[in-house]
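Here's the structure we're looking at; comments come further down.
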Amino acid sequence: MQPEGLNRKTVLSELKKIQQQDKRYDDGKILCSMCTRPHPIAEKAYRLFLSSNLGDPGLFPGSVQLEKDVICQLATLLHGTNCVGSIVSGGTEANFLALLAARNIAHVDRPEVVLPESTHFSFTKICNMLNLKPVYAGLDRSFKVDLTSIKECVTNNTVAIVGTAGTAELGVIDSIEELSKVALEHNVWLHVDAAFGGLVIPFLNDSKYLFDFSLETVKSITVDPHKMGMAAIPAGGIIFRNPQELDFIKTETPYLTDNFQYTFVGTRTGASAASAWAVFKVLGMTGFKKIVGNCMKTTQLLTDGLEDAGFSLVVEPTLNIVAFRSGNDTKLLSEKLWKKGWFVSYIPRYDCIRVVVMPHVTRKHAVVFLKDLVNSNKK
Ligand code: 0PR
């Protein structure tokens, strides 16, 4: 730290200069992110609650109310009643809390968790931290978890089965209904990671996917407002079906304004809950349907354009994620795209390029991208 403080103007202008190194969602060129520019009302709400700390709830009852309300709205969207939960740092912490509860409730000596091969890498961290043995189930030809494989993975030590509603790489929705039958048969916890899909699937036209609390064996769901919920980072969400389950993840906080915490993070901003709350209020179901509808239309435009240009899709998109291969070197193509300023992901295990069609990616951007893509593939 420098000995004397600088004036604010100088500091701000320095910050702005440094910020120019960061990519901007508004340019429509970030195609590899599951986050987007927060909704303008999210920014305002966030600023308003900047000093709120949900880690000491007695001081911030208003923020507590907002968090409860957001959780209640998310739970209702996912067909839950009387659910409980928290707005946390992200999908990683949400998944962590779900498996913490499942492990503590099962209370077995050598706990294992059954994970589809397609689960998010956060589960690798979580297994490490919770001393859980991950047992991986294979995928079928549509990249959903293979049910025969799931059944083979379940043992007496299984504390939970995880299904994903919108995988990070391909946007695939596992057959949660089938998983719930297996969970019921073996009486194990079923956790659904809908970090991304939880705020997409309910807004699809004629959504036919059963993935939420409407299935009785689903015990917990991760759903992140900071992804398709357009809230400011950090806003992950964990929802538990039964309030009693919180007892298994609580930590005593003897001298704070509340006696227990139910999250991993201690000091945590109330601004996240406020930003999610404000977006839900401003958009409502209709607003979300419109945004998701536009993302899906742009996804279709991209898909058609890719097929017309001779690229092959890894899988027909279910959500607003497109994964494709070129007949040539797909990895090299992704590198060329980066050089041209298109920030795509390259996924080694499927040897494909992945584009996440978030709200900041418009039709116009998709058209220019397709043109640049075809040209890059030629040379
Ligand atoms: N579960 C699923 C299904 C996810 O897609 C993600 C994150 C997580 C859990 C973990 O969530 P947090 O990262 O909030 O803890 N999915 C994105 C991904 O891995 C995260 C991300 C977002 C990465 C924006 C990059 C980026 O620019 O792609």
Side-chain angles (χ1 to χ4, degrees), residues 22-38 74 78 85-100 113 115-129 134 139 143-145 160 162-174 176 191-201 209 211-212 220-239 263-265 268-269 272 275-276 318-323 334 338 342-350 352-361:
D22 292 354
K23 317 290 181 226
R24 283 177 303 267
Y25 291 115
D26 288 350
D27 294 343
K29 298 211 153 183
I30 300 184
L31 306 181
C32 56
S33 173
M34 288 188 150
C35 295
T36 190
R37 168 143 189 206
L74 285 171
L78 303 176
S86 302
I87 295 299
V88 292
S89 56
T92 304
E93 187 181 353
N95 287 334
F96 169 86
L97 293 170
L99 291 197
L100 178 67
V113 54
L115 299 166
E117 271 170 14
S118 54
T119 42
H120 188 256
F121 58 80
S122 51
F123 287 100
T124 313
K125 299 182 190 176
I126 294 162
C127 286
N128 235 325
M129 289 191 284
L139 308 182
F143 300 93
K144 290 181 190 158
V145 67
V162 173
T164 314
T167 57
E169 289 171 327
L170 302 178
V172 164
I173 304 172
D174 285 327
I176 308 295
H191 172 66
V192 178
D193 180 359
F196 185 74
L199 280 164
V200 183
I201 303 166
Y209 303 100
F211 74 103
D212 59 21
S220 52
I221 301 181
T222 289
V223 49
D224 291 350
H226 73 197
K227 296 189 169 76
M228 280 296 285
M230 303 186 75
I233 300 170
I238 179 64
I239 305 176
T263 52
F264 181 68
V265 171
R268 68 193 168 97
T269 180
S272 301
S275 84
T318 314
L319 304 181
N320 44 331
I321 299 178
V322 185
S334 75
W338 266 78
W342 291 106
F343 310 113
V344 294
S345 323
Y346 172 74
I347 303 181
R349 73 164 133 183
Y350 303 127
C352 72
I353 289 173
R354 165 238 211 198
V355 170
V356 190
V357 188
M358 294 301 287
H360 62 265
V361 183

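Read the numbers this way: they start at 1 and go in the same order the structure lists the ligands and their atoms. Please read all numbers here as calculations on a predicted model, not as lab measurements.
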| said: I'd like to know if P234 contacts ligand 1, where contact means a heavy-atom distance under 4.0 Å to any ligand atom. | reply: no
| Hey, does T92 come in under 3.5 Å of ligand 1, counting only N/O atoms on both sides? | yes
| query | Below 4.0 Å from any atom of ligand 1, is there a heavy atom belonging to K227? | reply | yes
| Looking at atom 21 (C) of ligand 1, would you say a protein heavy atom lies below 4.0 Å from it? | no
| Can you tell which part of I30 has a heavy atom less than 4.0 Å from ligand 1: side chain, backbone, both or neither? | neither
| Contacting atoms of ligand 1, where contact means under 4.0 angstrom from a heavy atom of H226 | 14 (O)
| task | Return yes or no for this condition: an N or O of S89 is under 3.5 Å from an N or O of ligand 1. | result | no
| task | Answer yes or no: does an N/O atom from S33 fall short of 3.5 Å to an N/O atom of ligand 1? | result | yes
| message | I'd like to check whether D193 has a polar contact with ligand 1, where a contact means an N/O of the residue lying under 3.5 Å from an N/O of the ligand. | response | yes
| So, is T167 polar-close to ligand 1, with some N/O to N/O distance under 3.5 Å? | no
| Distance from atom 19 (O) of ligand 1 to nearest protein heavy atom, with residue and atom | H120 NE2, 2.9 Å
| said: With a 4.0 Å cut-off on heavy atoms, is K23 in contact with ligand 1? | reply: no
| field | Identity and separation of the nearest protein heavy atom to atom 12 (P) of ligand 1 | value | G91 N, 3.4 Å
